[in-house]
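Atoms within a ligand are numbered from 1 in the order they appear, just like the ligands themselves. A quick note: this is a predicted structure, and the numbers were derived from the prediction, not measured. Values below: all heavy atoms of this structure, side chains included; hydrogens, waters and symmetry mates excluded.
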Amino acid sequence: MSQYNIAVIRGDGIGVDVVEEGIKVMDAVGEHHGINWTWTEYPWSSDYYFKHGRMMPEDALDTLAPHSAIFLGAVGHPDVQDNITLNGLLLPIRRRFDQYICQRPSVLYPGVTSPLSGKKPWDIDLVVIRENTEGEYANIGGFAYYESPEEVAIQTSVFTRRGCERAIRFGFELARKRDKKKRVTSITKSNALGFMTVWDRSFDAVGEEFPDIETNQLLIDAACMDFVRRPEVFDVVVAPNLFGDILTDIGAIISGSMGLASSANIDPEYRGPSMFEPTHGSAPDIAGQGIANPMAQILTAAMMLRHLGEEAGAQEIERSVEKVLEVGETLTSDLGGNSTTAAVGDAIVANLG
Ligand code: NAD
Ligand code: IPM
Ligand code: MN
């Protein structure tokens, strides 16, 4: 019997509902695989902010530290400036636990229609490795003459050679493990932003350690175009923080829906808890209606199991999601169905094993 104590942060909007389904599925998988889950709920969210004036308590990061992993829905509320919610909860967790890898697969599953014409199942099967703790998200900057006509706003990107290399190396190792196209594509904008050549040079240097892996480099604008024009050429894509963020929303929608886009914030060295949250946000436009697609959160749960060493359980979840998609009878509206969030979770539980 393995035992994990998971910190659960449902957050805001649809995060609340899709986390429910993720836990439902993991409880069922736990019974099949001798996994004993302890779910410790933390009500940190925008509602918490309305009551306490902060997104989470002062000692929240210390509270999270002993957990096996963090399972998070989404944060973001229309009545709170996003910078407050995200810099008050999500981003400090990524930084404190040095979750320097954000792994985001985009797969066109059988039964799912891509908005790109002529794409067949598995034509899109790529994974973006996003550097997740530095770059444009280093949070170094501020304002002078705030809210005056002379206002000055400055924010600095931080690219360290170590930060670039460790993210890029993870991408190469993944390409080897996936054993698919064995190709790693690097994304920057170093034609205009010259400092990003440190990423390019890191990519060249790390690439030399992997002679069996084909490499190429694209500028972010051209990469956005190729994600739409010919996504089938991509295998592993390594990108600095902001570009990885943008590319993974494109990756999500070309493979059918934001509601399928799983994601993991990982410390590959297991020094602290990694955090598992889907690519999508709190989706205020559909929140509270019980119609959000829980598959992204459930596939994210599979990534959590894999990270915890529960490979068989991870695969069982993935196979079940694939079955439900292929059968096509229990789907939410983003995939053309009319089922509820809970009904999709139930169908995935029913198709396990
Ligand atoms: P979003 O991802 O929440 O929504 C974008 C679009 O995709 C919306 O039309 C939404 O309805 C749809 N969508 C997203 N997830 C879906 C799902 N599971 N099922 C069906 N449809 C789904 O992005 P946004 O609207 O730009 O952001 C909303 C809020 O979430 C903002 O406050 C933003 O800052 C925040 N956000 C948080 C996270 C996170 O917590 N990890 C990620 C992205 C955005
Ligand atoms: C994501 C989100 C976050 C990010 C936001 C909400 C800060 O868009 O996880 O993709 O940019 O990392
Ligand atoms: Mn994003």
Side-chain angles (χ1 to χ4, degrees), residues 9-22 44-46 49 55-56 70-95 99-104 106 112 115 128-139 239-266 275-301 321 325 331-345 348:
I9 307 173
R10 294 172 189 245
D12 298 323
I14 65 167
V16 176
D17 306 330
V18 294
V19 163
E20 183 71 22
E21 303 312 309
W44 306 336
S45 60
S46 296
Y49 176 81
M55 290 298 290
M56 53 184 189
I70 303 161
F71 193 58
L72 185 142
V75 277
H77 190 288
D79 298 339
V80 194
Q81 217 299 318
D82 277 335
N83 179 48
I84 292 177
T85 36
L86 281 324
N87 275 302
L89 201 161
L90 185 69
L91 300 174
I93 299 175
R94 289 181 186 168
R95 282 193 285 262
Q99 296 161 348
Y100 61 89
I101 297 300
C102 181
Q103 183 166 346
R104 294 186 162 175
S106 293
V112 178
V128 173
I129 298 302
R130 164 186 181 188
E131 196 292 315
N132 208 34
T133 49
E134 51 176 56
E136 303 78 1
Y137 285 63
N139 202 28
N241 213 333
L242 180 61
F243 297 159
D245 175 48
I246 296 165
L247 272 179
T248 49
D249 265 32
I250 303 180
I253 204 63
I254 59 173
S255 38
S257 175
M258 281 309 288
L260 287 173
S262 57
S263 174
N265 304 284
I266 300 172
M275 177 163 64
F276 298 83
E277 42 142 358
T279 301
H280 66 71
S282 54
D285 55 340
I286 56 166
Q289 302 178 37
I291 57 167
N293 187 349
M295 287 172 165
Q297 188 80 43
I298 290 167
L299 291 167
T300 297
V321 172
L325 285 170
L331 301 176
T332 43
S333 56
D334 56 309
L335 295 175
N338 55 17
S339 299
T340 63
T341 305
V344 172
I348 292 167

For [atom], which protein heavy atom lies nearest, and how many Å away is it?
atom                    : answer
atom 16 (C) of ligand 1 : I14 CD1, 3.9 Å
atom 8 (O) of ligand 2  : D245 OD1, 3.2 Å
atom 11 (O) of ligand 2 : Y137 OH, 2.6 Å

Residue [X] vicinity, atoms of ligand 1 by number, heavy atom under 4.0 Å:
X    : result
G76  : 32 (O)
P284 : 28 (C)
L86  : 34 (O)
A74  : 40 (O)
G259 : 17 (C), 18 (N), 19 (N)
G281 : 1 (P), 2 (O), 3 (O), 30 (O), 36 (N), 37 (C), 38 (C), 42 (C), 43 (C), 44 (C)
E277 : 39 (C), 40 (O), 41 (N)

Open item on the list: Considering Q81, Q297, H77, M258 one by one, which has a heavy atom nearer to atom 12 (C) of ligand 1 than any of the others?
Closed with: M258
Open item on the list: Among G15, A287, A252, A283, which one puts a heavy atom closest to atom 3 (O) of ligand 1?
Closed with: A283
Open item on the list: Set out, in order, the CA-CA distance, both residues' side-chain angles and the distance that settles side-chain hydrogen bond (donor to acceptor under 3.5 Å, both in side chains) for S282 and D12, then state yes or no.
Closed with: CA-CA 6 Å; S282 54; D12 298 323; 5.5 Å; no
Open item on the list: To check you understand the geometry: which heavy-atom pair defines the closest contact between M55 and W44, and what is its length?
Closed with: O-CB, 3.3 Å
Task: Proximity to ligand 1 by part of D334, non-hydrogen separation under 4.0 Å - done: side chain
Open item on the list: Using the rule given for side-chain hydrogen bond (donor to acceptor under 3.5 Å, both in side chains), can you reason through D17 versus T341, listing the C-alpha separation, both sets of side-chain angles and the distance that settles it, and then say yes or no?
Closed with: CA-CA 7 Å; D17 306 330; T341 305; 5.3 Å; no
Open item on the list: Need the atom name: nearest N/O/S atom of D245 to the Mn ion (ligand 3).
Closed with: OD1
